[in-house]
Amino acid sequence: MLVPATLMLLGALTAVVAPRLLARADWPDREPVVALWVWQCVVAAVLLCCALSMTLSAAAAWQAVRGHVFASAPRAVVEAYELGVGAPWAATTAVTLALGGVWTAAMLVREVARARARRRLRRTELLARAPRLPGEGTRRGRLVILEGERPDAWWLPGTPARLVVTTAALRRLEGRRLDAVLAHEQGHARARHDWLLHCSSALAGGFPQVPVFAAFRDEMHRLVELAADDTASRRFGRLTTALALVELNEDRGVFGPCPGGHGQVPQRVNRLLTAPARLTAARRLRLTAAAALVPVIPVLVAFGPGLRALG
């Protein structure tokens, strides 16, 4: 039972240390895409620690599970894991982690179902406010212009996907600024940011007492916006994208003392205007590779005794 305990300790250590290191680093705002990848690897490592610990604990608790897990393994490999040591706690650990896995899956299904329900509702409202014209048929373009007094633009995922822009946004934004807003929303769509938000919200909602999942959700919401801003600024410039954000949000009071639900907009505008230098390609590659190794560590811990026994 030493390996399952080590995996649980490793998962807890990763969940505590990694978010603090990322919070202290100055590069995530400069490289939001890399930061998104690092966060995904950290959370994957935590979940992998739990899954591997559950599997080995179940193998220690029940002979039937052990027979499946170590079906073709030599006797020396099975003995290397010392599955009989601490067996009374193995069943409790395995059942607890298994229930956590089922609960995680249920939360993800609930989050996806709620998102689909919201999309259906918004599509119904969209069809009511922007009905098909006579002779238009069932197929229409991806861009939908909606009558509205508030400047707004958003991407509506689904089949088919829709990029919705209000007439107020068309009146206020001109030329390249409107193109920057559209590029921002298309950046969300191409990167499938909606799935990142679903997964992070499911984990944070299912385990509100686990700080790493709450931090994962908050950072996903922030970093996907920064990544989409960079997508737009690379095509139309930082100043144009910043001005488009200002014009699109100035009526919402986000630049006042009480920004409400759009409190990140001033920081995003300031980031675009100050133009922080990007990391070098070599450092981005090192960060990406280092993050990819984080989920490998639990696998090495889990397979370590067996590999040493074979060696």
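Just so it is clear, the structure is predicted and the values come from calculations on it, not from any experiment.
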Which pairs of donor and acceptor atoms, one on a side chain in residues 280-300, lie under 3.5 Å apart (sequence neighbours left out)?
unit_1 : atom_1 : unit_2 : atom_2 : d
Thr280 : OG1    : Arg283 : N      : 3.3
Arg284 : NH1    : Leu279 : O      : 2.6
Thr288 : OG1    : Arg284 : O      : 2.8

Taking the side chain from [X] and the backbone from [Y], do they hold a donor-acceptor pair closer than 3.5 Å?
X: Thr166; Y: Arg150; result: yes
X: His221; Y: Arg217; result: yes
X: Arg176; Y: Phe236; result: yes
X: Asn249; Y: Leu245; result: yes
X: Ser53; Y: Pro4; result: yes
X: Glu219; Y: Ala215; result: no
X: Arg119; Y: Leu156; result: no

Item to complete: Over 60° means perpendicular and under 30° means parallel, so classify the ring planes of Phe213 and Phe207, tilted if in between.
Response: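 Ring orientation of Phe207 relative to Phe213: tilted.
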
Discussion item. Quick check: is Met107 connected to Met220 through a chain of hydrophobic side chains (ILVMFWY, heavy atoms under 4.5 Å apart)?
Written reply: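 Looking at the clustering, Met107 is in the same group as Met220.
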
One thing to verify: whether [Y] and [X] come together as a salt bridge, which I'm taking to mean a side-chain N less than 4.0 angstrom from a carboxylate O.
X: Arg268; Y: Asp230; value: no
X: Asp179; Y: Arg235; value: no
X: Glu111; Y: Arg114; value: no

Worksheet item: Looking at Gly11 and Val46, what are the two nearest heavy atoms and their distance?
Response: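 So the minimum-distance heavy-atom pair works out to O-CG2, 3.9 Å.
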
Discussion item. Leu99: which residues meet the side-chain contact (heavy atoms from CB on, under 4.5 Å) condition with it, sequence neighbours left out?
Written reply: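 By the side-chain contact (heavy atoms from CB on, under 4.5 Å) rule, Leu99 matches Val95.
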
Discussion item. Pairing donors with acceptors under 3.5 angstrom, does anything connect the side chains of His188 and Asp194?
Written reply: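 Looking only at side-chain atoms, Asp194 and His188 do not form any donor-acceptor pair under 3.5 Å.
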
Worksheet item: Are a donor atom and an acceptor atom from the side chains of Glu225 and His184 found within less than 3.5 Å of each other?
Response: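 Short answer, yes.
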
Worksheet item: Less than 4.5 Å apart, any side-chain heavy atom of Arg177 and any of Arg172?
Response: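 No. Closest side-chain heavy atoms not under 4.5 Å.
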
